[in-house]
Engineer: 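The structure's right below; bear with me while I get my questions together.
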Amino acid sequence: MPDTSHVDPQDLATVAEQLGRQPRGVVEISYRSPDGVPGVVKTRPRLDDGTPFPTLYYLTDPRLTAEASRLEVAQVMKWMTSRLASDAELAADYQAAHEHFLAVRNEMEDLGTDFSGGGMPDRVKCLHVLIAYALAEGPERVRLGTEAVALAAENPDLRGSAIPADWPTAAELGIDTSLFED
């Protein structure tokens with residue numbers, strides 16, 4: 001069982017407030033926003049009661065969860081999934097991200113499954129997972145997560161506060177944001 005003693009109790013209290021419930025299985029704050037708020041937690045693969053919890057990185061910052069939901073409604077997941085089917089390089093990146101996710105999770109405990117999160121490696125079914133993964137691991141780990149964070153950062157209230165100011169922009173990544181206008 002991973003050691004959770006190094007997780008600051010104040011951070012856990014903040015996460016509980018963000019979630020509206022006590023967090024479960026937290027082993028670290030994997031991402032802290034530029035304004036200092038915990039934004040992503042890393043969780044144990046199995047909860048204290050033995051329940052499998054395969055979500056390695058969990059998005060907690062309400063600003064980011066709201067934006068992830070808005071992007072899901074804007075059909076970003078459908079756009080990303082369609083690209084996986086036609087872009088071999090993107091599909092290979094997503095497969096590598098899936099394998100890395102499993103390797104990191106399995107270092108803590110192997111659940112005996114190849115389920116990672118967010119629909120990996122075949123489809124995109126949860127931007128919350130992809131945004132959490134990208135913020136926890138950085139913009140070079142999972143291209144679709146990096147893109148999701150860049151799209152979230154198009155919200156001017158988020159760049160520099162909830163998302164690093166130097167995160168790649170949608171324009172730098174070649175994303176036509178007009179595809180997702182309200």
Side-chain angles (χ1 to χ4, degrees), residues 2-47 52-72 76-77 80 93-94 96-109 111 115-120 124-155 157-170 173:
D3 177 21
T4 60
S5 63
H6 67 281
V7 181
D8 184 295
Q10 182 56 50
D11 283 338
L12 289 176
T14 299
V15 170
E17 186 176 312
Q18 291 173 330
L19 298 175
R21 63 169 174 77
Q22 287 301 310
R24 302 174 298 166
V26 174
V27 297
E28 74 178 27
I29 304 299
S30 294
Y31 171 75
R32 190 176 297 279
S33 65
D35 59 12
V37 177
V40 175
V41 295
K42 185 178 189 178
T43 60
R44 287 193 307 267
R46 194 174 303 278
L47 301 177
F53 192 75
T55 303
L56 179 64
Y57 297 114
Y58 198 90
L59 193 62
T60 63
D61 186 321
R63 300 169 296 181
L64 297 172
T65 60
E67 191 62 22
S69 294
R70 189 193 70 74
L71 292 170
E72 288 179 354
V76 170
M77 294 181 306
M80 288 179 168
D93 178 86
Y94 206 46
H98 165 72
E99 292 169 6
H100 176 77
F101 184 107
L102 290 174
V104 171
R105 189 184 72 207
N106 289 347
E107 283 179 24
M108 288 189 283
E109 180 180 354
L111 293 176
F115 173 80
S116 55
M120 290 185 280
V124 178
K125 73 172 207 171
C126 182
L127 293 182
H128 297 77
V129 168
L130 289 182
I131 288 172
Y133 187 11
L135 288 171
E137 296 258 345
E140 301 302 318
R141 174 60 64 200
V142 54
R143 170 71 186 210
L144 291 176
T146 300
E147 291 179 4
V149 174
L151 286 168
E154 290 294 304
N155 177 334
D157 295 333
L158 298 181
R159 186 173 291 275
S161 61
I163 297 170
D166 62 350
W167 194 270
T169 66
L173 297 173

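One is the number of the first residue; the rest follow in order along the sequence.
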Engineer: Glu28: which residues meet the salt bridge (charged side-chain N to carboxylate O under 4.0 Å, His left out) condition with it, sequence neighbours left out?
Structural biologist: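 For Glu28 there are no salt bridge (charged side-chain N to carboxylate O under 4.0 Å, His left out) partners, ignoring immediate neighbours.
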Engineer: A side-chain contact here means heavy atoms from C-beta on lying under 4.5 Å apart; do Ile163 and Leu64 qualify?
Structural biologist: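 Yes, close enough: below the 4.5 Å cut-off.
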Engineer: List the steps, then state whether side-chain contact (heavy atoms from CB on, under 4.5 Å) holds for Val27 with Thr43.
Structural biologist: CA-CA 6 Å; Val27 297; Thr43 60; over 6 Å; no
Engineer: So which atom in Tyr133 and which in Ala97 form the shortest heavy-atom distance, rounded to 0.1 Å?
Structural biologist: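 Scanning both residues, the minimum pair turns out to be OH-O, 2.6 Å.
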Engineer: What pairs with Ser69 under side-chain contact (heavy atoms from CB on, under 4.5 Å), at least two apart in sequence or on another chain?
Structural biologist: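 With sequence neighbours excluded, Ser69 shows a side-chain contact (heavy atoms from CB on, under 4.5 Å) to His128, given in chain and number order.
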Engineer: Identify the heavy atoms of Phe115 and Arg105 that sit nearest to each other, and give their distance.
Structural biologist: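 In terms of heavy atoms, the two residues are closest at O-NH1, 2.8 Å.
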Engineer: Counting C-beta onward and ignoring hydrogens, is there a side-chain heavy-atom pair between Ile29 and Val40 closer than 4.5 Å?
Structural biologist: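 No, too far: nothing below the 4.5 Å cut-off.
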Engineer: Kindly write out the residues that satisfy ring-ring contact (aromatic ring centres under 6.0 Å, His included) with Tyr94, not counting sequence neighbours, or none if the list is empty.
Structural biologist: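 ring-ring contact (aromatic ring centres under 6.0 Å, His included) check on Tyr94 returns nothing, list empty.
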Engineer: Once rounded to the nearest 0.5 Å, what's the spacing between atom CZ of Arg159 and atom CG of Asp166?
Structural biologist: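 Between atom CZ of Arg159 and atom CG of Asp166 there are 8.5 Å.
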Engineer: How would you list, by chain and number, every residue that makes a side-chain hydrogen bond (donor to acceptor under 3.5 Å, both in side chains) with Ser116, sequence neighbours excluded?
Structural biologist: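 Counting only residues at least two positions away or on another chain, Ser116 forms a side-chain hydrogen bond (donor to acceptor under 3.5 Å, both in side chains) with His98.
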Engineer: What pairs of donor and acceptor atoms, side-chain ones from residues 15-24 against any protein atom, are under 3.5 angstrom apart with sequence neighbours left out?
Structural biologist:
from: Gln18; atom 1: OE1; to: Thr60; atom 2: OG1; distance (Å): 2.8
from: Gln18; atom 1: NE2; to: Pro38; atom 2: O; distance (Å): 2.8
from: Arg21; atom 1: NH2; to: Tyr58; atom 2: OH; distance (Å): 3.4

Engineer: Test side-chain contact (heavy atoms from CB on, under 4.5 Å) on Met77 and Leu130 and set out the steps.
Structural biologist: CA-CA 10 Å; Met77 294 181 306; Leu130 289 182; over 6 Å; no
Engineer: Please list all pairs meeting salt bridge (Lys or Arg N to Asp or Glu O under 4.0 Å) that have one or both residues in residues 29-40, counting only residues at least two apart or in different chains.
Structural biologist: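 Matches after skipping sequence neighbours: Asp11-Arg32, Asp35-Arg63.
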Engineer: Return yes if some donor-acceptor pair links the side-chain N/O of Thr146 with the main-chain N/O of Pro139 below 3.5 Å, else return no.
Structural biologist: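 Between the backbone of Pro139 and the side chain of Thr146 there is a qualifying donor-acceptor contact (under 3.5 Å).
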Engineer: Which heavy atom of Ala148 sits nearest a heavy atom of Met80, and at what distance?
Structural biologist: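 Heavy atoms only, the tightest pair is N-CE, 3.8 Å.
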Engineer: Between Pro164 and Leu135, which heavy-atom pair has the shortest distance, and what is it?
Structural biologist: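 Heavy-atom minimum between the residues: CD-CD2, 4.2 Å.
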Engineer: How close do Val124 and Leu127 get, heavy atom to heavy atom, and via which atoms?
Structural biologist: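 Looking at all heavy atoms of both residues, the shortest contact is CG1-CD2, 4.0 Å.
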Engineer: Thr14 side chain to Val37 main-chain N or O, any donor-acceptor pair under 3.5 Å?
Structural biologist: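 The answer is no, because no donor-acceptor pair under 3.5 Å joins these two groups.
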Engineer: Looking only at heavy atoms, which two atoms of Pro34 and Tyr31 are closest? And how far apart?
Structural biologist: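 Looking at all heavy atoms of both residues, the shortest contact is CD-OH, 3.4 Å.
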Engineer: Going from CZ on Phe53 to CG on Leu47, what distance comes out if it is rounded to the nearest 0.5 angstrom?
Structural biologist: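 Between atom CZ of Phe53 and atom CG of Leu47 there are 6.0 Å.
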Engineer: Hey, what do you get for CD (Glu67) to CG (Leu59), rounding to the nearest 0.5 Å?
Structural biologist: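 If I round to the nearest 0.5 Å, the distance is 11.0 Å.
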Engineer: What's the separation between atom CG in Leu158 and atom CG in Leu151, rounded to the nearest 0.5 Å?
Structural biologist: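 The CG atom of Leu151 is 12.0 Å from CG of Leu158, to the nearest 0.5 Å.
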Engineer: Determine which pairs satisfy salt bridge (Lys or Arg N to Asp or Glu O under 4.0 Å) with at least one residue from residues 133-147, sequence neighbours left out, and list them in order.
Structural biologist: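 Salt bridge (Lys or Arg N to Asp or Glu O under 4.0 Å) check on residues 133-147 returns Arg83-Glu147, Glu137-Arg141, Arg143-Glu147.
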Engineer: Restricting to side-chain contact (heavy atoms from CB on, under 4.5 Å), what partner residues turn up for Ala150, sequence neighbours left out?
Structural biologist: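 If we apply the side-chain contact (heavy atoms from CB on, under 4.5 Å) test to Ala150, skipping adjacent residues, the hits are Trp167, Leu173.
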